[in-house]
Amino acid sequence: QVQLVESGGGLVQAGGSLRLSCAASGRIFKIAAMGWYRQAPGKQRQLVATITFGGSTNYADSVKGRFTISRDNAKNTMFLQMNNLKPEDTAAYSCNADVTNYSGGRNNYWGQGTQVTVSS
């Protein structure tokens with residue numbers, strides 16, 4: 001079994017910054033793609049950013065130039081540096097990981113989410 005635990009959310013004023021972390025633990029041989037997603041009340045979950053094992057990244061247009069995704073493969077941890085936050089960034093942020101275990105099995109996992117609230 002694999003667990004993903006997010007941290008770093010909170011309340012911040014517009015223009016401020018937050019750094020989210022996602023720590024993966026359990027029976028992990030390798031984590032391929034990892035990603036951050038967010039869901040605001042009454043809206044569908046949307047992709048924020050993804051990163052491959054090799055470090056290739058992809059961002060939603062709405063966060064390009066403001067958010068930076070990164071990861072530490074040795075520690076099975078992923079980060080999201082969020083700068084110049086806007087009220088429309090308010091949402092529950094969840095991490096996602098594509099995990100291969102020691103038996104060669106591959107599964108997709110979600111964290112429980114961390115709330116980010118940006119006040120105007």
Side-chain angles (χ1 to χ4, degrees):
Q1 188 68 310
V2 172
Q3 295 80 40
L4 301 180
V5 178
E6 301 99 334
S7 61
L11 174 63
V12 64
Q13 289 187 333
S17 298
L18 284 174
R19 181 177 170 85
L20 304 183
S21 299
C22 172
S25 62
R27 297 182 58 78
I28 299 170
F29 173 70
K30 179 180 178 179
I31 302 178
M34 299 185 78
W36 287 98
Y37 293 76
R38 67 187 182 187
Q39 186 169 21
K43 295 187 177 181
Q44 289 189 329
R45 181 160 54 191
Q46 64 174 187
L47 179 147
V48 176
T50 61
I51 185 167
T52 67
F53 181 84
S56 296
T57 59
N58 179 57
Y59 295 91
D61 288 343
S62 60
V63 307
K64 283 181 181 177
R66 300 188 297 122
F67 291 10
T68 302
I69 189 171
S70 61
R71 62 188 286 176
D72 183 336
N73 291 330
K75 297 182 179 180
N76 291 328
T77 303
M78 176 178 63
F79 306 96
L80 185 68
Q81 178 66 43
M82 305 185 293
N83 297 329
N84 190 22
L85 282 160
K86 304 176 180 180
E88 52 263 42
D89 294 318
T90 295
Y93 285 70
S94 300
C95 65
N96 177 272
D98 189 13
V99 179
T100 300
N101 60 33
Y102 290 101
S103 301
R106 190 168 177 174
N107 290 285
N108 189 263
Y109 296 90
W110 288 92
Q112 83 288 350
T114 185
Q115 180 66 35
V116 171
T117 302
V118 184
S119 62
S120 57

Qualifying side-chain hydrogen bond (donor to acceptor under 3.5 Å, both in side chains) pairs with a residue from residues 36-46, counting only residues at least two apart or across chains: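 Only R38-Q46, R38-S62, R38-D89, R38-Y93 qualify under side-chain hydrogen bond (donor to acceptor under 3.5 Å, both in side chains).
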Minimum heavy-atom distance [X]-[Y], with the two atoms named:
| X | Y | result |
| --- | --- | --- |
| A49 | L80 | CB-CD1, 4.5 Å |
| M78 | I51 | SD-CG2, 4.2 Å |
| L47 | A60 | O-CB, 3.4 Å |
| G113 | S94 | CA-OG, 3.6 Å |

Within the structure provided, determine whether [X] and [Y] are in side-chain contact (heavy-atom separation under 4.5 Å).
| X | Y | value |
| --- | --- | --- |
| F67 | L85 | yes |
| V2 | N107 | no |
| Q115 | T90 | yes |
| L20 | E6 | no |

Under 3.5 Å, side-chain donor or acceptor atoms of residues 28-35 against the rest of the protein: list the pairs with distances, not counting sequence neighbours.
none

Distance, nearest 0.5 Å, that separates [atom1] of [X] from [atom2] of [Y]:
| X | Y | atom1 | atom2 | value |
| --- | --- | --- | --- | --- |
| Q13 | S120 | CD | OG | 9.5 Å |
| T50 | I69 | OG1 | CD1 | 6.0 Å |
| N58 | T52 | CG | OG1 | 10.5 Å |

Salt bridge (charged side-chain N to carboxylate O under 4.0 Å, His left out) against D98, all qualifying residues, sequence neighbours excluded: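 In terms of salt bridge (charged side-chain N to carboxylate O under 4.0 Å, His left out), with neighbours along the sequence ignored, D98 is linked to R106.
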Donor-acceptor contact present, side-chain R66 to main-chain N84, <3.5 Å: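 It does hold such a pair.
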Sequence-distant partners of N73, side-chain hydrogen bond (donor to acceptor under 3.5 Å, both in side chains), two or more places apart: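 Only R71 meet the side-chain hydrogen bond (donor to acceptor under 3.5 Å, both in side chains) criterion with N73.
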Pair listing, disulfide bond (SG atoms under 2.5 Å apart) test, anchored in residues 32-83, at least two apart: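 Checked against disulfide bond (SG atoms under 2.5 Å apart) - neighbours excluded - no pair reaches residues 32-83.
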Pairs touching residues 9-19 that satisfy salt bridge (Lys or Arg N to Asp or Glu O under 4.0 Å), sequence neighbours left out: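 Every candidate salt bridge (Lys or Arg N to Asp or Glu O under 4.0 Å) pair involving residues 9-19 fails, so no pair, neighbours aside, qualifies.
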Single-linkage hydrophobic cluster, 4.5 Å side-chain cutoff, Y109 and F79 together: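 Per the 4.5 Å side-chain linkage, Y109 and F79 are not co-clustered.
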